[in-house]
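Here the structure comes first, spelled out in structure tokens, and everything after it is commentary.
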Amino acid sequence: EADIYQTPRYLVIGTGKKITLECSQTMGHDKMYWYQQDPGMELHLIHYSYGVNSTEKGDLSSESTVSRIRTEHFPLTLESARPSHTSQYLCASSLGRGHFNNEQFFGPGTRLTVL
Amino acid sequence: GNSVTQMEGPVTLSEEAFLTINCTYTATGYPSLFWYVQYPGEGLQLLLKATKADDKGSNKGFEATYRKETTSFHLEKGSVQVSDSAVYFCALSWSGNQFYFGTGTSLTVIP
């Protein structure tokens with residue numbers, strides 16, 4: 001069973017607030033990812049990390065930032081939330097070593113609503 | 001480049017019907033292929049995977065075979081249940097770095 005956690009599960013905030021979405025995994029995975037999932041279900045990669053002190057932007061432009069100070073922790077921060085940030089945010093991790101142990105494990109998601 | 005194309009939904013089936021969700025991919029070489037399932041209000045869960053040509057992944061009555069000649073990885077189940085109602089994603093990966101997901105297919109099974 002995958003051990004990857006996201007908090008909060010649901011968040012409703014006002015425009016302009018700074019928020020941090022937490023993601024932690026206890027599997028010792030080097031690789032971690034943040035996806036934004038739109039109402040049409042499609043997943044968009046917004047950030048990823050291949051290890052401590054490594055972060056990269058994904059395919060979808062995002063006003064969020066991430067950090068990777070510890071292997072197990074990969075928080076995502078929005079400095080000033082806007083209604084356009086309303087979405088489901090999914091965190092994932094992967095052992096990602098070679099061809100056979102490369103599946104991603106997902107957290108339960110954070111549903112963010114910005115009023 | 002790498003990409004995944006899967007059957008558009010939504011798909012509605014009666015209980016005990018046969019399910020096929022088509023998935024084709026574009027990639028060079030031999031990526032790993034996956035099917036994920038997402039139940040309402042949850043994250044994605046790995047359903048099954050295959051890592052080389054002709055491999056068959058299977059789990060919970062679902063099956064998919066890695067077909068290199070047709071670049072396909074179609075998901076099948078012989079008899080669906082109401083509890084199978086969910087969104088299904090096909091995906092490919094190279095050595096666990098970037099993942100490429102399809103757009104998802106919503107399945108509703110009615111009693």
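Each chain gets a letter, A, B and so on, in the order the sequences are listed, and its residues count up from 1.
For chain B, no part of A/Arg111 is nearby; none of its heavy atoms comes within less than 4.5 Å. With a 4.5 angstrom heavy-atom cutoff, A/Gln6 does not touch chain B via any of its atoms. Neither the backbone nor the side chain of B/Gln45 has a heavy atom closer than 4.5 Å to any heavy atom of chain A. Contact of B/Leu46 with chain A is made through the side chain alone, with heavy-atom distances under 4.5 Å.
In this structure, B/Phe34 and B/Tyr36 have tilted ring planes: the angle between them lies in the 30° to 60° band. Taking the six-membered ring where tryptophan is involved, the planes of A/Tyr35 and A/Phe106 are tilted, since the angle between them lies from 30° to 60°.
Considering only heavy-atom pairs separated by less than 4.5 Å from chain B, the leading option among A/Pro108, A/Gly109, A/Gly107 is A/Pro108.
Separation of the A/Tyr33 and A/Phe74 ring centroids does not fall under the 6.0 Å cut-off.
Side-chain polar atoms of A/Thr55 and A/His47 form no donor-acceptor pair below 3.5 angstrom. A side-chain donor-acceptor contact under 3.5 Å links A/Glu22 and A/His73.
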